[in-house]
Amino acid sequence: MRSKFISLIGGVIAVALILTGCAGNGGNGNGDNGGGATDTLVIGAVAQPPTMDAVTNDSAAIPQVLLYNVYETLVKMGSDGELQPLLAQRWEVSPDNLTYTFHLEPGATFASGKQVTSTDVKHSIERIQAGEPATNVLQTQMEVVESIDDSDPAVAVITLNRSSNAWLYNMSSTGGMIFDSESDADLATTTAGSGPYQLKQWNQGDSVVLERNDDYWATRQPFSEVTFRYFSDPNAMNNAMLSDDLDIISNLQAPQAIDQFSDESRFQIIEGTTSGEVVLAMNHENEALADVRVRQAIMHAIDRQALVDTIWNGHGTLIGSMVPPTDPWFEDLSGEYEYDPEKAKELLAEAGYADGLTLRLRLPVLPYATSGGQFVASQLGEVGITANIDELEFPARWLDEVLTKADYDMTIVSHVEPRDMVKYADPAYYWRYDNAEFRTLMEEADAGSHDEYVEKMREGARMLNEDAAANWLFLLPNLVIAREGITGLPQNATSLSFDLTNIAAR
Amino acid sequence: MALRIATRVAAFLGSVLVASILIFIVTSALPGDVAQVILGTNADPAAVEALRQRHGLDRPLPVQYLDWLFGMFVGDFGHSYLTGQSVISRISPAIGVTLSLVLGGMLFAVLFAIPMGMIAAIRRRHASGALASALSQIGLAIPAFWAGLMLVYLFAVNLGWLPANGYIRFGNDPGRWARHLVLPVLSLAIVQGSVLSRYVRSAIIEVLGEDWIRTARAIGWTKWGALIRHGLRNASLSVVTVLGLQLATLFVGAIVIESVFALPGLGSVLLAAVAQRDLMIVQGTVMLLVLAVLVINALVDLSYLALDPRLRSRR
C-alpha cells in the first residue's frame, strides 16, 4: 500500500517536472544572480521597455537600457552635462550654424562586424523622418535636417534648414541612435547597434540580458553579461538587493527604504540629481488659473521643502523653474516664492477669490504624485483653495484625460526628458500655456550662438518662474544603491541612459 | 453516456462564445488606448490618431470583435500592438512560469491537505486532531501574498538560504529553477492546502459514518486500514470537485504571488499589457485562461464518470 502511494507521488512530481520543463524551456541564458561574481552585473529597474525599438515608442525605459550601451550616437552627453565625442571623433560647425561635419571613428563597427559609415547615419535619421513608425517627438526633432551627404563613408555632412542648438543635443539622445543600415533584424525584438553590448535575450516581463560585444571597436567592457531585471513592486526590488541577487538598484523608488542599505560594508548609496522635474501643472485654460495672481498664490501656499521632507524623505532638490542643476543655464530660483500663506490669501483676494476657490486635482497613480497630491491639497486648503482629488491610472487613463484632452485643473507628474523646458512654448501641450514672448525667446535661443543659447534659455526659465507657469515642486533625486566594490556609477543622471560604459566591479 | 458528453461539449462551446464577447466588451471599455501610451507624454493628437488608424483601432467595435473572433478560429489570437509578436509567442514563456507555480502549489497543497484532513477527521476528539484543525484555520486566515512576504523576509533576506524573487527557466538550470520556486509555491500551498484540508476532513467524517466502514471494521480492518482501502476513493469525489474549483482560484492566486516574487508569468504579462493598453495581448491571454478553466471544469465533470461507476451505468 505504502509503496504504491509513494510511487504515485513520484509519478505526479515527474509529470509536473516534464510539463513545466517543456513549457519553460523556450531559450537559454536567463539573468544570473550576480551576487559576488565580478564577470556579470545584475541591475534592478522599474519600468520595462515595451519594445526594443526606441524610434517607435516614447517610453524612457528603452533608452535606459539601449542608449550608449547597445546603440551609440555621434555625440554623447557626459555626466557633467557637456557633449563628448562618441561615433564622431570630432565635428565642425559652419559659421552660419547650418552645416555640421562629423568625422566618424575609423575603427567603429556594428555588432555584425560592418563598419559604421555615413550611410548608416543617413539611414538612421531618414528612418525617423520617414515618419510612420517614428514617434512624433523624434520626427519633430529631425525636421530641421535638410540633407545628409554620405558621399564620403568616413564623413557625414548634415545640413539643417535653420540654425538649431537643440538639434545637436538631441543627436546625443534617442533620436541620434545609429542603426546598422544593412541589418534586416526585427528591431522591435532584437538590436543592431555598435555599442559595447548587444541584446542577448529579452525575457519580456522579467529581464533584458545584454552580452558583451567582444569585437567592440573601443575599450572592451569588464562584464561578459549585464542583466536589467524589472520589478513592479519596489519592495521586491529592495529584497532582491538585500539578499544579494542584485548588484545595483538603478533608482530607488521608495526613499523611505534607504535606511535598509545603511550597512556600508555591503552597500554604497549614490545620491545626485536627475532631469525629472515633479511639476504641479496648472491648466491655463481654467478661468481662475489663467490669472497670474492665482498661480502665484499657489506658489506661496505650498511649503516645498516640507513637501520633499514629508513625501520623499528629504531627498530631492528644490528648483523653482523647469531646469535641473546639470543644465548649463541653471539658476537657483527656488527661493523666489517663499512659503507665505498670508500672501497667498492676499493674492487670491486681489484676484477676486476671497471667498474661496474649488479646483480639481487629478493625479496619476504614482507614488510621488498621490502622496504629493495629499500634501498639496491640505496646504491649499489652508489658503482657501479646495482641491478635489481624484486618482487616474497611469499611464493610459492619465494620458487620455489629462494629457490628450486637458480635462483637468491641476495635476502632478514628473517630466523626465532632459531639456524639456521648451515644451512651455507649445500652446497645445496639456498645460495650455500660451505665451508669445516665451515662444519667441525659445526660437531665438535655438537659432543663436552657443552663448546666446545659454543666455536666452536662462532668461526663459526666469520668465516661467515670474509668470508662475507651473509650480515646480522638486527635482527627483538620482538614488542609486550599489553593492560594495562597484565603481564608475555617475552621480547625476543627465541623459535617459543608464550608462554602463564606466562601471567596473571588484 | 454519449448524451451527457454531448451536452457537456455544447455547454463548453457556448461558454467560450459568451466569454469572448464579455472579454471584448470589458477590454474595449478601458479608458485610454495603446496609441497614447506609445507616444507618451510627448504625443500630439494628430500623431495619436494616425497611429490608431495604423492599428485599426478606429474601426467600429463589432468589426474589431469579429476580426478577432474569426482569427481565433484559425488559431490566431492576435498580435501585440507594441512589438508585433503573436499572443501565443508572447505568452508561451509565461505559461511555463504560471504552470510551475500552479501545479507546484496544487501538488504541495494536496500533499499537505490529505494527511492533515485525515488526522483532523479521525482524531477529531483528540488533541492532535484539534491541532490539525487549528493549523488549517490559521492557514486559511493568512493571505497568500502576506505569507510570501514573510517567507521572503525570513528565508531570503535574513537567512539567505533561498533567492528573494525572480525566475530561472527549467531548461537553463533545473536546480536554480527549483530554488526560485520554493518560496512562491509554499506561499500558494499554505493557503490552498488549508482550504483543501477542511474539505478532506468533512468528507472523511462523512465516510466514517457509513455502514460499509462499520462492516469493514467488523470484519477486522483497522480504522486507518478501512479508511485507506474503502474510504478514500469515496471521499475523493467531493475533494476532486473542490480541487477543480481551487485550480481556478490558484491561477488567480498565482497572479498575486507572481507580483510579490517578480515572476514573469501570465499575471505579469496581463498587468503589463493592461497598463500599456496592448489589448490584443490582454484579450488573447484572458481568452486562453478562460479556455483553461473551462477545460478543467469539463474534465472534472468527466472525471466523476471515472470515479463513480454509478454514473457510468446510468442511461
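Note that the structure is a prediction, hence the values are computed from the model and not measured. Every chain is numbered from 1 and lettered A, B, ... according to where its sequence line falls, protein lines coming before strand lines. Worth knowing before you read on, the calculation uses all heavy atoms, side chains too, and leaves out hydrogens, waters and symmetry mates.
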Atom pair CD/CG of A:Gln139 and B:Asp44 - distance to nearest 0.5 Å: 9.0 Å
Expected output: side-chain B:Asn165 to main-chain A:Ala236 donor-acceptor under 3.5 Å: yes
Partner chain B: residue of A:Met237, A:Gln204, A:His415, A:Lys423 with the largest heavy-atom pair count (under 4.5 Å): A:Gln204
Worked verdict on A:Leu399 versus B:Thr41 for side chain to side chain contact (heavy atoms under 4.5 Å, CB included): CA-CA 7 Å; A:Leu399 287 174; B:Thr41 53; 4.3 Å; yes
Which atoms of A:Tyr429 approach chain B - backbone, side chain, both or neither, heavy atom under 4.5 Å: side chain
Side chains of A:Trp202 and B:Thr83 in contact at under 4.5 Å (non-hydrogen atoms): yes
Residue B:Val37 versus chain A: region with a heavy atom under 4.5 Å: both
Side chain to side chain contact (heavy atoms under 4.5 Å, CB included) assessment of B:Tyr153 paired with A:Asn235: CA-CA 11 Å; B:Tyr153 188 70; A:Asn235 264 325; over 6 Å; no
Contacting moiety of B:Gln85, where chain A heavy atoms sit under 4.5 Å: side chain
Max heavy-atom pair count under 4.5 Å with chain A, selected residue of B:Pro31, B:Pro45, B:Ala178, B:Ala47: B:Pro31
Heavy-atom neighbours of A:Asp184 CG exceed 12 at 6.0 Å: no
Max heavy-atom pair count under 4.5 Å with chain B, selected residue of A:Asp233, A:Leu242, A:Leu403: A:Leu403
B:Phe108, CZ atom: more than 12 neighbouring heavy atoms under 6.0 Å: no
Beyond-backbone contact of B:Ile38 with A:Asp58, side-chain heavy atoms, under 4.5 angstrom: no
Contacting region of A:Ala240 [heavy-atom separation from chain B under 4.5 Å]: both
Expected output: side-chain A:Asn136 to main-chain B:Asn42 donor-acceptor under 3.5 Å: yes
Which residues share a side-chain contact (heavy atoms from CB on, under 4.5 Å) with A:Ala369, sequence neighbours left out: A:Pro364, A:Leu366, A:Ile412
Heavy-atom side-chain proximity of A:Asn57 to B:Leu82 below 4.5 angstrom: yes
Segment of A:Asn239 engaging chain B (4.5 angstrom heavy-atom cut-off): both
Atom group of A:Glu393 that falls short of 4.5 Å from chain B, counting heavy atoms: side chain
Heavy atoms of other groups near B:Trp224 CH2, more than 12 under 6.0 Å: yes
Proximal component of B:Ala262, with respect to chain A [non-hydrogen, under 4.5 Å]: both
Side chain to side chain contact (heavy atoms under 4.5 Å, CB included) evaluation trace for B:Tyr81 with A:Thr51: CA-CA 10 Å; B:Tyr81 295 123; A:Thr51 157; over 6 Å; no
Donor-acceptor pair, side chain of A:Asp245 and main chain of B:Ala164, under 3.5 angstrom: yes
Which atoms of A:Thr140 approach chain B - backbone, side chain, both or neither, heavy atom under 4.5 Å: neither
Contact listing (chain A partner; residues 271-286 of chain B; heavy atom under 4.5 Å): B:Val274, B:Ala275, B:Gln276, B:Arg277
Test side chain to side chain contact (heavy atoms under 4.5 Å, CB included) applied to A:Asn203 and B:Tyr167, step by step: CA-CA 10 Å; A:Asn203 304 301; B:Tyr167 185 75; over 6 Å; no
